[in-house]
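Heads up: the structure comes next, in structure tokens.
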There are 2 protein chains.
Amino acid sequence: MLTDSLGYHICRVCGDKASGFHYGVFCCEGCKGFFFRSVRANKRYQYCKRSEQCLVLRSSRNGCKFCRMQRCLEVGMSYESVKMGRCRKTDLSTRKQMLTQVADAQDELILSVYSAYMKATEQLNQSNSNDTHSVKVIEAEAVEHTLYNDYLPSIVRFVALFAREQPIFRKLSTDSQKILVKSAIIEMVLLLDAPNFDLQDNVIIHKRRGFSVKTSCAGVFGKLLADCHMFFQRLLSIGLIPVELSLLIALSIFSSDRLSGQASQDQLCMNETEDCLLMALKCQLLMNHGRHINILPSVIEVLCVIRGLTTVYYDELMSCHVAGQLS
Amino acid sequence: MLTDSLGYHICRVCGDKASGFHYGVFCCEGCKGFFFRSVRANKRYQYCKRSEQCLVLRSSRNGCKFCRMQRCLEVGMSYESVKMGRCRKTDLSTRKQMLTQVADAQDELILSVYSAYMKATEQLNQSNSNDTHSVKVIEAEAVEHTLYNDYLPSIVRFVALFAREQPIFRKLSTDSQKILVKSAIIEMVLLLDAPNFDLQDNVIIHKRRGFSVKTSCAGVFGKLLADCHMFFQRLLSIGLIPVELSLLIALSIFSSDRLSGQASQDQLCMNETEDCLLMALKCQLLMNHGRHINILPSVIEVLCVIRGLTTVYYDELMSCHVAGQLS
DNA sequence: CAATCAGGTCACAAGGTCAG
DNA sequence: CTGACCTTGTGACCTGATTG
Ligand SMILES: [Zn+2]
Ligand SMILES: [Zn+2]
Ligand SMILES: [Zn+2]
Ligand SMILES: [Zn+2]
């Protein structure tokens, strides 16, 4: 059943509390009304200011009619599916108020994380496309140069930009901030570039940047990527959508256990943030992957795997990486 | 509910009649439009001539965009926190006209009282800082000298300056004016210096002027301050903001019952002023302390307590005080 | 019956309008 | 630029039809 942690149905369109099964999906009164009005008036919402990428959440659902309608159709609302059978509610007597304050705060968090992800991704794509024209370099030395002077710094910039967009991150001490950014480099490579790395005949190719790494001779990085090939397949098979990936990235960066030497205030702060992020991710996964209810464990497993890989390769990678390049 | 005495919602930003719940707070059409335009145009109001302290009232709200925007944000207006559709429970059927004339007059009164308070406070702080360097005097006689020749006269100057700034006060007979100023001395000590008096080991210390008074031997004043320690705590716990304190001070000074022997014209005039001040204070308390609706009774109680203390100590204090120092 | 949902209702808010 | 007024929705409740 598509229920949130409190046991209530949530709207597949916006994540608000669902009032029942309307036009073929569980949704809230708002989305029900919106869909009904749109269909009846035969509305065509043609324009979206943000390239049809708006997140549709309780607090943002009225921001873009186009994306709201798109989302309605995506999750399967249809005027014809009205005749489909009714749905019995399992739970009926307990009619508690859902904590809208919590919901609002969660919306805010998701929106903030997602917009930071979009911003940082845009910047990253620019540096990707800048390098697209460069010839493929196979020689070990040139590859190392590309890796340590182009590729990894661009990842670090991504992490730094993404993190700094989160108010909670800016509240941490400078030391804590640096630790979190540096520690997340490997995990970002794995999460961000899973679709871009390809393995062919023991050579790992980055499709968009046009560099290749021989698994046998490219040092730490070659070993790491060789290890990860299976991981990439698994991650991609989950089929996370951008919002979910952005939350996963945030969870990976904002890790309280990396601040064990820092102020306990920072640790507590991160701990709380982790909790909120996990709740938000859970809620999003429920909304977006109703059919496969067991998706959260897979995502948690992904987190564990990349943490493990970081533990194994971090020190070795850092010793190669010029520390001064960290901004 | 944030309603004024007539049962209407008031604008949390400027105190005008609120037209509804906009961008997360009850506010008027003007503030709604102002906030909307500011956010949409991404305006940054950088400069305020009056050190960012402007009172934002119906009649003054267009005087300083910076402070109006600041106030909007202070009371929690947010472009993201829009909540559409019908409200869950609210019912306000009684809809009458609010008397804008009354509102205008009230604004004028508040602005006048507040600016007089700021002016008089500034003068008082100067005399405070002049004395800060002086050594602490513990001997009873020297304390008495400080009290009666420095401290109380500065309070009298405060009251006189504050009162003379009010047009209504200048219309009173000279006798009435003198009575009001003299009668308010004790109340001013209590209202103005509540944050400055500290009790330690039966010694009362004035933090900013640097004199101390032994509760056991400093005559009337010592007894008075010893009595007031609890009162100070209570007053401070209410957390009045400067505008509110200025209105409370005005209410304390402009008391019609002190003019019982004077011209009935003066009495009527003060009576009306008291009414207006009380309405204005009530309105301000509603605007500024929405969460604690029971704040007005506490403030009224404060007024009663200081009147009571004046009754008890006034004659005794006056017999010590050299009458000639009254200007 | 009670439970459920399509469709209606209408108080209410966002954002536009335009004289002042 | 301001704000009273207006237009265009929005969504918490209602209503009545349908189902077991
Ligand atoms: Zn919804
Ligand atoms: Zn959109
Ligand atoms: Zn206002
Ligand atoms: Zn100002």
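We name chains A, B, ... by the order of the sequence lines, and we start the count at 1 in each one.
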Sugar-phosphate, base or nothing in reach of B:G20, heavy atoms under 4.0 Å: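 Result for B:G20 = sugar-phosphate.
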message: Base, sugar-phosphate or nothing for B:G33? Non-hydrogen atoms, less than 4.0 Å.
response: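 Since no nucleic acid heavy atom lies under 4.0 Å of B:G33, the category is nothing.
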Rounded to whole angstrom units, what separation is found between the [atom1] atom of [X] and the [atom2] atom of [N]?
X	N	atom1	atom2	answer
B:F36	D:dC1	CZ	C1'	14 Å
B:H22	D:dC6	NE2	P	15 Å
A:R58	D:dA12	CZ	P	7 Å
B:M69	D:dC1	CE	C1'	15 Å
B:F34	D:dC1	CZ	P	10 Å
B:E80	C:dG15	CD	P	11 Å
B:R40	C:dG15	CZ	P	7 Å
B:M77	C:dA13	CE	P	12 Å

Any [X] side-chain nitrogen or oxygen under 4.0 Å from OP1 or OP2 of [N]:
X	N	value
A:N62	D:dG11	yes
B:R68	D:dC1	no
A:Y79	C:dG7	yes
A:Y23	C:dG7	yes
A:R61	D:dG11	yes
A:K65	D:dT8	no
A:R37	C:dG8	no
A:K32	D:dT10	no

- prompt: When you check the side-chain N and O atoms of B:N288 and B:R12, is any donor under 3.5 Å from an acceptor?
  reply: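 Distance-only check fails for B:N288 and B:R12.
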- prompt: Taking atom types as modelled, is there a side-chain donor on B:Q166 or B:S112 under 3.5 Å from an acceptor on the other?
  reply: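 Short answer, yes.
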field: Ring-face cation contact, B:Y45 with B:R68, 6.0 Å cut, 45° max
entry: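 Ring-cation test returns no.
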task: Look up atom CG in B:L248 and atom CD in B:Q284, then write down how far apart they are to the nearest 0.5 Å.
output: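 Rounded to the nearest 0.5 Å, the CG-CD separation comes out at 13.0 Å.
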- request: Indicate yes or no: does A:E122 engage A:K119 in a salt bridge with an N to O separation below 4.0 Å.
  value: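 The answer is no: the pair does not qualify as a salt bridge.
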- prompt: Looking at the side chain of B:E29, which of D:dT10, C:dA6, D:dC5 is the nearest nucleotide?
  reply: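 Output: D:dC5.
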